[in-house]
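Numbered from 1 within each chain, the chains take letters A, B, ... in sequence-line order.
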Protein chains: 2
Amino acid sequence: MAATREPISRRERPAKPALTRRGIVDTAVRIMRSDGLDKVTMRRLAQELDTGPASLYVYVANTAELHGAVLDALLGEVDLAAEEAGAGWREQLVQVLTSYTFVLFEHPRLARSALVAHPGGENYLNLVERVLGLLSRGGVPVGQAAWGVDTLLQYATATAAEHGTREQDPAAQDDWDALTRAVHDADEATHPAIRAHLPALLAGPDESRLTWGFDVLINGIIHTPAPLEG
Amino acid sequence: MAATREPISRRERPAKPALTRRGIVDTAVRIMRSDGLDKVTMRRLAQELDTGPASLYVYVANTAELHGAVLDALLGEVDLAAEEAGAGWREQLVQVLTSYTFVLFEHPRLARSALVAHPGGENYLNLVERVLGLLSRGGVPVGQAAWGVDTLLQYATATAAEHGTREQDPAAQDDWDALTRAVHDADEATHPAIRAHLPALLAGPDESRLTWGFDVLINGIIHTPAPLEG
DNA sequence: ACCTGAACACCGTTCAAGT
DNA sequence: ACCTGAACACCGTTCAAGT
């Protein structure tokens, strides 16, 4: 038995792979999928990669940049094709945006960072290109399309950040309960409009509401000229 | 000299005031104004109030709830009046929303939490009431107004979170630079639409763009019936 | 009931020193 | 150039013990 042992100096350890930016980001994505973005920390990542946190700073500027890289990796899952036979540009646009929203829905914490740290990665650029192309095909003037793409993606991102499901934390539920109570307790005398809009005001954010939001924006973008249009 | 000394037992200390929720939130607001939301931590707050962090948990459930309270305190600054003589409902609505956005603009980190932790405080409720009232006055159907108020406030909040100024951190600048470079480097072959929309695509988020966004949403809300309208 | 000290279990980031 | 150990300066939250 002992004869089969390798010399200690080259015992078969898991052969710690060389550190690369790619490997770091991939590991970060894996941690996020299994444990959520909260756990994608320099220390946890270093532990997973069998090194110290300081080593990561050779490949990654800081935690924010790392999260940005994770986000762009995730955007690779967005379905940009949406080429249903005969579908018009509007239907295709809504499909692409819905796909984007659903991808972020699984990771609301990431959606929150997407709102602040403007992505700028390759996959994000492809998404912008696709949305602009569809608006263009719909005859939307350049100025309106350029500002419109931002508004559309912002709406999708914010909705995912707001109503995302992954971390079904009970705190979010408490929040919602508190709001429901506050709205229901709203006085007829001081808050008549809230009472008048009550049922719809508290309707949950389902897919029909998401689609309505996209329609609102598309209609608005079409019908609202940008100032100083060039 | 020594004769003027009080007995040690009642030496004039600054008379540490009793802990109250109100006092805690006020102190939190003060810290945020001077040092930003990042510094509004349980430990810093405890230090400022001359106690230990554990004591705060008698009055505040956790950090998220505390930040929510700070947010609602800040919303007291929103100008809900906006009663320019002869101004129509649309102009007043845009004014109220602009005031809300400007308040959050000073505190983008807080805007980010507002997006997630739905407020539900008194000041937030008053804002919702005001916006609903104005939409109502504009003849917007109940279902569209109820969903519309959410969309409008979400746009305002997300814009503040995205472009807020307070913490002019250089990281945000780097981000923007990276995006600018990525967009400029976009290939004519692979990203023709980005190139075609180039100047407007990178135009900064000034007030005219904010107003355009409000107009887009208001136009869209007016012209997009909600499904199953009741 | 309210308050506290102390502890538990973490963070991001830097830096001098090694290879 | 890349990697590391160790340190610095923090976090949120809980809990047993005190008043």
**Prompt:** B/Tyr57 OH to D/dC15 C1': how many Å, rounded?
**Reply:** 13 Å
**Request:** Could you check B/Val40 against A/Tyr59 and say which one's nearest nucleotide on DNA chain D is further toward the 5' end?
**Result:** A/Tyr59
**Message:** Between P on D/dC3 and CD on A/Gln47, what's the gap in Å once rounded to a whole number?
**Reply:** 19 Å
**Item:** Whole-Å distance separating the CG atom of B/Leu19 from the P atom of C/dT4
**Value:** 7 Å
**Prompt:** Is any NZ, NE, NH1 or NH2 atom of the basic residue among B/Arg30 and B/Asp26 found under 4.0 Å from an Asp or Glu carboxylate oxygen of the other?
**Reply:** no
**Prompt:** For the pair made of CD1 in B/Ile24 and P in C/dC2, what is the distance, rounded to whole Å?
**Reply:** 12 Å
**Prompt:** For the side chain of B/Ala54, counting heavy atoms from C-beta on, which of C/dA6, C/dC11, D/dC11 is nearest?
**Reply:** C/dA6
**Fill in**
The dot-bracket string of DNA chain C, counting Watson-Crick and G-U wobble pairs with both distances under 3.5 Å, using [ ] for crossing pairs and | for pairs to another strand, is ||.|||||...|||||.||
**Item:** C/dA9 and D/dA9, which share atom name P, separated by this distance in whole Å
**Value:** 24 Å
**Message:** Measuring from the side chain of B/Val58 (C-beta onward, heavy atoms only), which nucleotide among C/dC3, D/dC3, D/dG12 has the closest atom?
**Reply:** C/dC3
**Request:** Look up atom CD1 in B/Ile24 and atom CG in B/Leu66, then write down how far apart they are to the nearest 0.5 Å.
**Result:** 8.0 Å
**Fill in**
Separation between CG (A/Asp79) and OG (A/Ser99), nearest 0.5 Å, reads 5.0 Å
**Message:** With rounding to the nearest 0.5 angstrom, report the CZ to CG distance, A/Arg130 to A/Leu97.
**Reply:** 10.5 Å
**Message:** Heavy-atom nearest nucleotide on DNA chain C for B/Leu56 versus A/Arg43: which residue maps closer to 5'?
**Reply:** B/Leu56
**Prompt:** What is the distance from atom CZ of B/Arg44 to atom CG of B/Asp35, rounded to the nearest 0.5 Å?
**Reply:** 4.5 Å
**Request:** Quickly work out the A/Met42 CE to D/dC11 C1' distance and round it to whole Å.
**Result:** 17 Å
**Prompt:** Should A/Thr63 be listed as having a side-chain N or O under 4.0 Å from OP1 or OP2 of C/dC11?
**Reply:** no
**Fill in**
So CZ of B/Arg112 and CG of A/Leu115: to nearest 0.5 Å the spacing works out to 8.5 Å
**Complete:** Separation of C/dC10 atom C1' from A/Leu45 atom CG, nearest Å, is 16 Å
**Distance flag, aromatic centroids of B/Tyr155 and A/Tyr155, threshold under 6.0 Å** = no
**Asked** Atom CG of A/Asn62 to atom P of C/dC11: distance rounded to whole Å?
**Response** 17 Å
**Nucleotide nearest A/Ser55 (side chain, heavy atoms from C-beta), chosen from D/dT13, D/dT4, C/dC11** = D/dT4
**Between D/dC11 (P) and A/Arg44 (CZ): distance, integer Å** = 24 Å
**Prompt:** Which nucleotide, C/dT13, D/dC3, D/dC11, lies nearest any side-chain atom of B/Thr41?
**Reply:** D/dC11
